[in-house]
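FYI, side chains are in, hydrogens and waters are out, and symmetry mates aren't considered; it's all heavy atoms of this structure.
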2 protein chains.
Amino acid sequence: MTVSLAQIRERSGEVFLEGCPTRVVLDHIMSKWGVLVLLALTDGTLRWGELRREVEGISEKMLASTLRTLEADGLVVRTSYPEVPPRVEYALTDLGRELMERMLPLVDWVAEHAGTITGRPA
Amino acid sequence: MTVSLAQIRERSGEVFLEGCPTRVVLDHIMSKWGVLVLLALTDGTLRWGELRREVEGISEKMLASTLRTLEADGLVVRTSYPEVPPRVEYALTDLGRELMERMLPLVDWVAEHAGTITGRPA
DNA sequence: CGGCATCCCATTGGATACTG
DNA sequence: CAGTATCCAATGGGATGCCG
């Protein structure tokens with residue numbers, strides 16, 4: 001389970017180079033809203049309106065563009081039901097769930113230490 | 001090792017609320033340059049100039065502000081030697097190393113899958 | 001060498017209004 | 001309900017120049 005920097009360099013020797021795919025994906029999932037949306041979807045499928053309420057402070061514009069990016073990355077699926085009124089649901093894909101398995105321990109650690117970290121003298 | 005969303009909510013029931021400490025710290029470490037700088041420091045102490053070269057594409061301004069943020073968060077230590085010409089070294093703190101233990105598996109996974117992800121049809 | 005200060009532009013992102 | 005479109009404000013971030 002322990003991973004070294006050397007291993008990462010083997011898989012993606014270019015992490016530190018501009019335009020490398022790893023950087024691009026990291027920018028998507030590590031973005032301010034990306035993490036929160038992925039996190040919200042971790043405990044199950046949500047509708048557009050539910051997501052909007054769950055992720056407090058996100059604007060419609062940002063929710064839309066974040067979802068489109070994550071969907072294009074294959075991390076999230078969008079399912080639209082032909083009903084009136086319209087219903088659209090978002091969920092993690094298998095890839096997305098794999099990702100979140102790695103992301104949750106990190107977020108958990110941050111949640112545990114965030115108080116200490118922001119509480120220290122500037 | 002497995003972590004549930006419920007656990008995270010317990011530690012920080014506010015992850016989804018604006019202004020919550022967890023959000024702030026996540027913004028620091030998950031920022032475009034934050035990850036890369038932390039990653040670069042993972043295999044050891046680096047001087048300013050080395051960091052600048054290692055993290056390709058970063059400007060002096062961004063390197064400076066990223067380092068100051070991470071230092072204020074207690075994740076990075078800055079050591080200045082009173083020499084001429086000046087020498088300054090940056091390294092992870094214990095807290096920073098703990099963080100990277102959780103971050104590396106994630107980055108490793110992304111490095112492994114980045115090609116597939118960005119390669120899919122829009 | 002290791003920065004900080006300044007200027008400036010591009011992109012991000014929010015608020016509002018409107019549509020299928 | 002689930003978006004899109006538009007406009008505008010804030011910020012991110014690059015280039016340059018100066019200083020210890």
Close side-chain approach of B:Glu60 and B:Trp48, heavy atoms under 4.5 Å:
yes
Is any side-chain heavy atom of B:Tyr90 less than 4.5 Å from a side-chain heavy atom of B:Val76?
yes
Any salt bridge between A:Arg87 and A:Glu89, counting N to O under 4.0 Å?
yes
Answer whether the closest heavy-atom distance between the side chains of B:Arg78 and B:Leu67 falls below 4.5 Å.
no
Pairs counted only when both distances fall under 3.5 Å, Watson-Crick or G-U: show me the 5' to 3' dot-bracket for DNA chain D, [ ] for pseudoknotted crossings and | for other-strand partners.
||||||||||||||||||||
Close N or O pairs between protein and nucleotides 13-17 of chain D (under 3.5 Å):
{"from": "D:dG13", "atom 1": "N7", "to": "B:Lys61", "atom 2": "NZ", "distance (Å)": "2.8"}
{"from": "D:dG13", "atom 1": "O6", "to": "B:Lys61", "atom 2": "NZ", "distance (Å)": "2.9"}
{"from": "D:dG14", "atom 1": "OP2", "to": "B:Ser59", "atom 2": "OG", "distance (Å)": "2.9"}
{"from": "D:dG14", "atom 1": "O6", "to": "B:Lys61", "atom 2": "NZ", "distance (Å)": "2.6"}

Using atom types as modelled and distance alone, determine if a side-chain donor or acceptor of B:Thr66 lies under 3.5 Å from a backbone N or O of B:Leu63.
no
Using a 4.0 Å heavy-atom cut-off, does A:Tyr81 contact any base of the nucleic acid, only the sugar-phosphate backbone, or nothing at all?
nothing
SB check A:Asp43 B:Arg9 (cutoff 4.0 Å)
yes
Can you tell if the side chain of A:Leu99 reaches within under 4.5 Å of the side chain of A:Leu95, non-hydrogen atoms only?
no
Do B:Leu38 and B:Met103 have side chains that get closer than 4.5 Å, going by heavy atoms?
yes
Here the distance between atom C1' of D:dG3 and atom CD of A:Glu50, to the nearest Å, is 16 Å
Hey, does the side chain of B:Thr93 reach the backbone of B:Gly74 with a donor-acceptor pair shorter than 3.5 angstrom?
yes
Sugar-phosphate, base or nothing in reach of B:Arg52, heavy atoms under 4.0 Å
nothing
More 5' along DNA chain D: A:Pro85 or A:Arg68, using each one's nearest nucleotide?
A:Pro85
How would you give the extent of chain B contacts on DNA chain C, as first and last nucleotide 5' to 3' within a 4.0 Å heavy-atom cut-off?
C:dC1 to C:dC7
Are any of the side-chain heavy atoms of A:Leu17 and A:Arg23 separated by less than 4.5 Å?
no
